[in-house]
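Everything numeric in this text was worked out from a predicted model, so none of it was measured.
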Amino acid sequence: MAKITFIQPDGTEQVVDAENGMTVMEAAKKNLVEGIEAECGGACACATCHVFVDEAWREKTGGPSEMEEDMLDFAFDVRPSSRLSCQIKVTDALDGLIVRVPEKQF
Amino acid sequence: MAEGAMNGSTGAPVETDAVIVGAGPVGLFAVFELGLLDIKAHVVDILDKPGGQCAELYPEKPIYDIPGLPIVTGQELTDRLMTQIKPFGATFHLGHRVDALERLGEGRFRLVTDAGTQFLTKVVVIAAGGGSFTPKRPPLAGIEAYEGKSVFYSVRRIEDFRGKDVLIVGGGDSALDWVLNLQPVANRLTLLHRRDEFRGAPHSVEKMRSLVADKKMDLRIGQVTALHGDNGALSAATIRAKDGEVRIDCSRLLPFFGLTMKLGPVANWGLNLDENLIPVDTEKFQTSEAGIFAVGDINTYPGKLKLILSGFHEVALMAQAAYHIVYPGKKLLFQYTTSSSSLQKKLGVS
């Protein structure tokens, strides 16, 4: 179990409960977090679940895999903290995770 | 690719029983169910290959909920469906989008594609899934004003780029292919990518790198943040690079950020819509208009589940209703492929 905070571009925060094993994208969709579109449903094939991982959490989430890095080419405003939220699996270690939703997925 | 596949024609209208809009798994299986009832179909899809999302978004990802196939990838499912529908000889129009639907009266419809192909048909089956795949538009302020004039998402005419300062953004095959094709005609070509690694075919990457080494084009690592120009005429783009912001002069921009799904022209066909979905009944899967059916992810009804499985069921019932439109007054005898010699003949197995 982990509590995850999604911060919108306007600063609005939404804290959701996520079960271990689900992805951060699934937690967002389940809780109707705005700005996470996930058009492909979690196949790492569309880059519309792009988030910025809070600096303090980057080590714990780790960086993108090679496939995810390729897919990030399709995202906009990619930063060193960019991840596709469908590729971040929830574990107890991520309890308290903070991610920011970009201005636009596309 | 299917037998009889063809691309583009602006000749006489194609007369047919049914036009299926969308070549995803549900559109493909519609060919099968209609074919068993002697209804000939043409299939149109905006992608250059059949399979829809299965082929475009997850060709290598396993699907676990197709009955009888415990595990199958999107591409395998597409290939198997193409084999299954082969006996019915449907004609495929790939890389085309159906733009207009016109009612001709007496239960006939005219469909026109973006390539100018016209169909005269009795039945329209909308199997357009999440809508048509369209290029992603970078969320840059004011980009709409430049589209079609200075900003393009595909190259229709190379001449539009002759002598221009061309900026291409992306790191995949589309970006690299156009770099290589436009470099000889452009005044100056710049490729911009967010990192110094490219997903495109290695030989394309190599060619691009040697053009850069020969100073015949520029490669920049960074991302576009703003466009500058007047009345749709682009003059420069601001890019954010590692060493800060730079302005690059350019009169043409080609952004390649992949595809997204938009409902597209279907929205203008005068059908009742419910938040970008097409409401249908659950007996015939017919829309608000007789002769026009909607199946698969694009339709909605009480209890709808967006599953390939549901789409397969929907096309079977749709075909029964379509039969009475194509063959009015004829009785339809329900038959099983396992035991009916006439169905087996159509399938080419007896």
Side-chain angles (χ1 to χ4, degrees), chain A residues 7-10 21-23 25-26 28-30 32 34-53 55 58 62-89 100-106, chain B residues 52-63 65 73-75 129-131 133-141 143 153 169-176 191-200 221-226 239-240 242 255-262 276 297 306-308:
Chain A
I7 305 179
Q8 294 292 333
D10 68 359
M22 73 195 299
T23 67
M25 177 279 281
E26 287 170 323
K29 292 299 278 183
K30 200 174 160 190
L32 307 172
E34 259 182 65
I36 302 292
E37 290 175 23
E39 210 169 70
C40 77
C44 194
C46 73
T48 60
C49 64
H50 178 201
V51 294
F52 304 116
V53 175
E55 284 306 316
R58 280 182 59 190
S65 67
E66 201 178 317
M67 174 178 72
E68 185 183 344
E69 192 72 75
D70 280 354
M71 199 41 63
L72 277 167
D73 284 351
F74 290 136
F76 196 74
D77 188 14
V78 179
R79 304 173 195 174
S81 62
S82 288
R83 289 292 311 270
L84 295 179
S85 56
C86 73
Q87 300 300 305
I88 308 175
K89 274 251 192 305
R100 286 177 179 78
V101 180
E103 198 82 45
K104 253 188 128 174
Q105 294 288 353
F106 248 95
Chain B
Q53 291 183 48
C54 282
E56 181 65 27
L57 290 181
Y58 46 90
E60 284 151 37
K61 297 267 169 176
I63 307 168
D65 61 352
T73 65
Q75 190 55 52
F133 278 97
T134 47
K136 280 187 187 170
R137 161 193 284 167
L140 294 163
I143 190 168
Y153 299 99
V169 187
D173 282 314
S174 310
L176 288 164
L191 173 63
L192 174 69
H193 186 40
R194 70 174 187 93
R195 56 184 178 137
D196 200 10
E197 264 172 77
F198 294 83
R199 306 181 310 280
I221 305 303
Q223 299 178 71
V224 197
T225 55
I239 65 172
R240 193 179 62 218
K242 264 211 170 117
F256 292 108
F257 285 97
L259 303 170
T260 183
M261 285 174 284
K262 293 253 162 26
N276 282 346
D297 284 2
K306 285 190 186 186
L307 293 176
I308 294 171

Requested in this report: Take E69(A) and R199(B), measure what salt bridge (charged side-chain N to carboxylate O under 4.0 Å, His left out) needs, and give me the verdict at the end.
Outcome: CA-CA 10 Å; E69(A) 192 72 75; R199(B) 306 181 310 280; over 6 Å; no

Query raised in the report: With no hydrogens and no angle check, is any side-chain donor or acceptor of K61(B) less than 3.5 Å from a backbone partner on A43(A)?
Result: yes

Query raised in the report: Is a side-chain donor or acceptor of Q223(B) paired with a backbone partner of V78(A) at a separation under 3.5 angstrom?
Result: yes

So, for [X] and [Y], which heavy atoms are closest and what is the spacing to 0.1 Å?
X: V224(B); Y: F76(A); value: O-CZ, 3.6 Å
X: E39(A); Y: M261(B); value: OE1-N, 3.3 Å
X: F257(B); Y: F74(A); value: C-CD2, 3.0 Å

Where does [X] contact chain A at under 4.5 Å (heavy atoms): side chain, backbone, both or neither?
X: K136(B); value: both
X: F198(B); value: neither
X: R137(B); value: backbone

Query raised in the report: Could you give the distance from SG (C40(A)) to CD (E56(B)), rounded to the nearest 0.5 Å?
Result: 11.5 Å

Query raised in the report: Does a salt bridge link R195(B) with D70(A), judged by any charged N lying under 4.0 Å from a carboxylate O?
Result: yes

Query raised in the report: chain B heavy atoms under 4.5 Å from A47(A): which part of the residue, side chain, backbone, both or neither?
Result: both

Query raised in the report: Do D77(A) and R240(B) pass the side chain to side chain contact (heavy atoms under 4.5 Å, CB included) test, and can you show the C-alpha distance, the side-chain angles, and the key distance before you say yes or no?
Result: CA-CA 10 Å; D77(A) 188 14; R240(B) 193 179 62 218; 3.0 Å; yes

**Report entry** When P255(B), G172(B), P138(B), G130(B) are compared by non-hydrogen pairs under 4.5 Å with chain A, the top option
**Finding:** P138(B)

